[in-house]
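Report on the following structure.
Lettering follows sequence order; numbering is per chain, from 1.
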Protein chains: 2
Amino acid sequence: MNIRDVAKKAKVSTATVSRVMSGVNIVKPETAERVRKAINALSYVPNLSARTLSKGRSHLFGVVISDITNPFFPDLIYTFNELAEQHKYRAVFANTNYSPARMELCIHSLLEQKVEGIAIMTSEMSPNSILMIAERGIPMVFLNEPGPQKNLTNVVVDYKSGMEQAIDHIVGLGHKRIAFIGGPQDLRSAVLRQSIFLKALKEKGIKLDKRRLTSGNHRVDGGYAAMQRLLEQNPRPTAVMTSNDLTAIGAISAIYEAGLQVPRDISVVGFDDIEMSRAYNPALTTVRLSRVDIATRAFFSLYDACNGAGTTVSKRKVKGAADKMVPTQLILRKSTAAPTS
Amino acid sequence: MNIRDVAKKAKVSTATVSRVMSGVNIVKPETAERVRKAINALSYVPNLSARTLSKGRSHLFGVVISDITNPFFPDLIYTFNELAEQHKYRAVFANTNYSPARMELCIHSLLEQKVEGIAIMTSEMSPNSILMIAERGIPMVFLNEPGPQKNLTNVVVDYKSGMEQAIDHIVGLGHKRIAFIGGPQDLRSAVLRQSIFLKALKEKGIKLDKRRLTSGNHRVDGGYAAMQRLLEQNPRPTAVMTSNDLTAIGAISAIYEAGLQVPRDISVVGFDDIEMSRAYNPALTTVRLSRVDIATRAFFSLYDACNGAGTTVSKRKVKGAADKMVPTQLILRKSTAAPTS
DNA sequence: AGCCTATATGCAATCGCTCCCACTTGCCAA
DNA sequence: TTGGCAAGTGGGAGCGATTGCATATAGGCT
C-alpha cells in the first residue's frame, strides 16, 4: 500500500496525490476530492521515512534528558511535545542515564534520525558529541551552560533570585543555624545551585558554618542520609535549605523519624517545586523553577533557528524568551516557620 | 555526507560500506578497517530514514500512553526503552492526553513511522484506530483489555490478589468502617479496580455502606476533595482504601488539614506504589503494581510477535510473561494501624 | 595448464515519496 | 487565427541506503 496504489485508484499521478496530501500547489477541487476518497478507501498512511528522505527535512527535534524517572523531566517533555505538535514538529527523547558515554549514543541516534535541532537538558556532557552536532550546523540549546559558544543558545535559570528569596524568608523568620544539603558534586547544576546559595548568603553578610554544609544525591535517600548526619550535631540546625525537592522530602522523613516535626523543630526549604511538593505532608516551601518556561524557551530557540528569524509571531515569542532568564520564585507553604528558640 | 562519500574516500563501493556497517557478510579485514577509518574521518552517520525505507523494517515500537506527567508512566517508559535498546529496537511514545480523538492522531503518527508493534497502555480507546492497526497485521499489546481478540496480546494485572491482601490487612487490624475512594468513572482501569475491590469485599462477607463509596479523579486534588466529603460523615470511616496512590496522598492531606492524623485516626491504603509512596509522610501502605513487569511483558510480547516464535532465549522469557498475570502485592508501611476505638 | 571454488567486491534495481520540469487544455487579447 | 498565460496534471530523477546478482581474484586441485 503506497502512493502509487492511491494514484491508480484515483486515476491520477503520484504527483497529484502528493500535492493533495501536502496541501500545497493547485489541485482541482474535484480531483482532490477523488484522491481523498481513495486515501480513505484504502486507509492509506504515507511512509514517513520516504517523505523525510525525499524532502531532506525531518521536522524532528531531539531532546536529551538524563532520566525520565526524575520528576524534573516529565513536565519538560510534556510541554516540549505539546509545542512541537502545535508547530508541526515531532520530538524524540533520549535518556543519558547520567552517563556521558551513553550521551554519545543518544546523540548518535538523534543524528541518524536527522533531527533538525537538539535540546540538551542535562548536566553531563560529551564534548565530542557536541562537536559532531556543531559541525553539522544543527542548532542546539543548552540549559545553564556556563560558557556560551557560538551557534548555540542557552536557556539560563535565574537561580540567584530564588535563592535570595528563600534566604530572606528563612532569615526573616529568625533562623540563625541554617544548613544546606546540596546535590551530587559531579552534577554541574547541583554545584551551581550550591555556589549560588553560598554566594547569596555571603552577600547578605551571613556566614555558614562549614559543618552545616553537606550534600546528598538529589534523590530522596540522599536527603534522608544527609539530614541524619545534620541531626547528630549539637546544637542542630533550625532551618535546612536543600538543592532540590526530593532532597528536602528525604530530609523531612529523617526529621520525623527522629521524633521531631517540621516546621515546629526544623524548617525545610526545597527547590524545583515538583508536583509532589504541594501534596507533600507538610506541604513544602520551595523555590519554583518553571519547567514549562524552560521547555518553551528551548523549543522556540530551536524552532526559530530552523525557520529563519523572518517569521512574525514566533519571532516575537522567541525574542521574549531569549531576552530574559527563566525566573524562579519562592512558594510559601507549610514546611517553614519561626524557630521555637 | 552520505554513504557514497565514505565509499569514495575508502575507495570501495557503497555496497561494501553498507556491509561493514551492518556487520553481516564477508568483508576483508583490511578493507573493513579502511572503511571504518573513512567513516571516522568524515564523522559519517548513516541516514536512518534511508535505511528504514530500503530495508522495509523500522525496528521501532510505538507505546501509547495517556500522559507522561502521570507518575504511573515514567517507570513504564524507562523499562520499555531500556529493553528496546538492549534488543536493537527503538521506542517512540505518544500521549493521548486521555482523549480518544487524540489517540487517533497518535496511532496515525505511529503508522506513518512504520512501527513494527504497538503497546497501548491507556484505558481510552479509539476502535477505529485499533482496526487500522489490525488490518495492517501489526502486533499489538494491551493493558487489561477485557475482551481479548485475535491478533493481539494482553498484559493483565492481577488486581484481585492485591486487593484481597489489602482488605485482609485492614480487616485484620480490626477496622469496621471502611471507605473506598475510586477513580474517574469513565476510566476503565479505575472502574475495574473499584469493581474488583467491591467483589473481593463481598466474597469475604463484608459489606460496604454505600455512603462510604466515593470517587476522585486519580489525582491528588480529587483524593483531597473525596476525603473531605468522607470526613463530614458521622461516624466517620476509620480506614480508607483508594484506587491509586495520588488519591491516597490527597486523602491524607485532607485528613491532616482536618486536624486528624494518619494512621492514628484514620488508616489509608494506596494503590500502585509510585516512587513517592515510600517517601511520603507517613510512608504509604499500598499495593504494589510493578511497572517494570508490565513494561517487560508488553515489550516481549511485541518482540516475540515480530521475531518469530522460533528464537530460543526470548521465547522462554515471553512464554513466562504470557503465562502469568502481573502480580500485585501489599506493601506495609506507616499509613495503616489498628483503629483507636 | 586448466578448472573449480571460496572469498571479496562492485553494479544497479529498489524502497516510497517529493518536486522540478514539461506538457495539455481552455481562455482571452491581439 | 494565433500567441501567451494560467491552471492542472503527469513523467521521472533523485533522496540514501540495502541487497541480489554478477564479476574478479587467488589459491588449490587434478
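The stretch residues 78-88 of chain A participates, sequence neighbours left out, in these salt bridge (Lys or Arg N to Asp or Glu O under 4.0 Å) pairs: A/E82-B/R102, A/E85-B/R102. Within the structure, every pair that satisfies the salt bridge (Lys or Arg N to Asp or Glu O under 4.0 Å) test and touches residues 106-126 of chain B, not counting sequence neighbours, is listed here: B/R57-B/E116. For residues 10-59 of chain A, every residue pair satisfying the ring-ring contact (aromatic ring centres under 6.0 Å, His included) rule, not counting sequence neighbours, is listed here: A/H59-A/Y89. Within the structure, side-chain hydrogen bond (donor to acceptor under 3.5 Å, both in side chains) contacts touching residues 47-56 of chain B (residues at least two apart or in different chains) do not occur.
Among the atoms of the strands shown, none is found under 4.0 Å from any heavy atom of A/V17. Across all strands, A/T16 comes closer than 4.0 Å only to sugar-phosphate atoms, never to a base (heavy-atom distances).
Under the side chain to side chain contact (heavy atoms under 4.5 Å, CB included) criterion, B/T69 pairs with A/D75, A/Y78, B/D67, not counting sequence neighbours. Applying the side chain to side chain contact (heavy atoms under 4.5 Å, CB included) rule to B/S22 yields the partners B/V24; only residues at least two apart in sequence or on another chain are considered. Every residue meeting the side chain to side chain contact (heavy atoms under 4.5 Å, CB included) condition with A/A38, not counting sequence neighbours, appears here in chain and number order: A/V6, A/K9, A/A10. Listed by chain and residue number, A/S126 satisfy the side-chain hydrogen bond (donor to acceptor under 3.5 Å, both in side chains) test with A/S129 (two or more places apart in sequence, or in another chain). In this structure A/R136 satisfies the side chain to side chain contact (heavy atoms under 4.5 Å, CB included) test together with A/L111, A/M132, A/I138, B/S43, B/V45, sequence neighbours excluded.
Comparing B/T14 and A/L53 along DNA chain C, the residue whose closest nucleotide (by nearest heavy atom) sits nearer the 5' end is B/T14.
Running 5' to 3' along DNA chain D, contacts with non-hydrogen atoms of chain A at under 4.0 Å begin and end at D/dG8 to D/dG16.
In this structure, the side chain of A/N97 does not engage the main chain of A/S99 through any donor-acceptor pair within 3.5 Å.
Listed by residue number, B/K28, B/T31 are the residues of residues 28-38 of chain B with a heavy-atom contact under 4.0 Å to DNA chain C.
One end of the helix from C/dA1-D/dT30 to C/dA30-D/dT1 points its axis 60° away from the other end's axis, with each axis taken from 5 pairs and the angle rounded to 10°.
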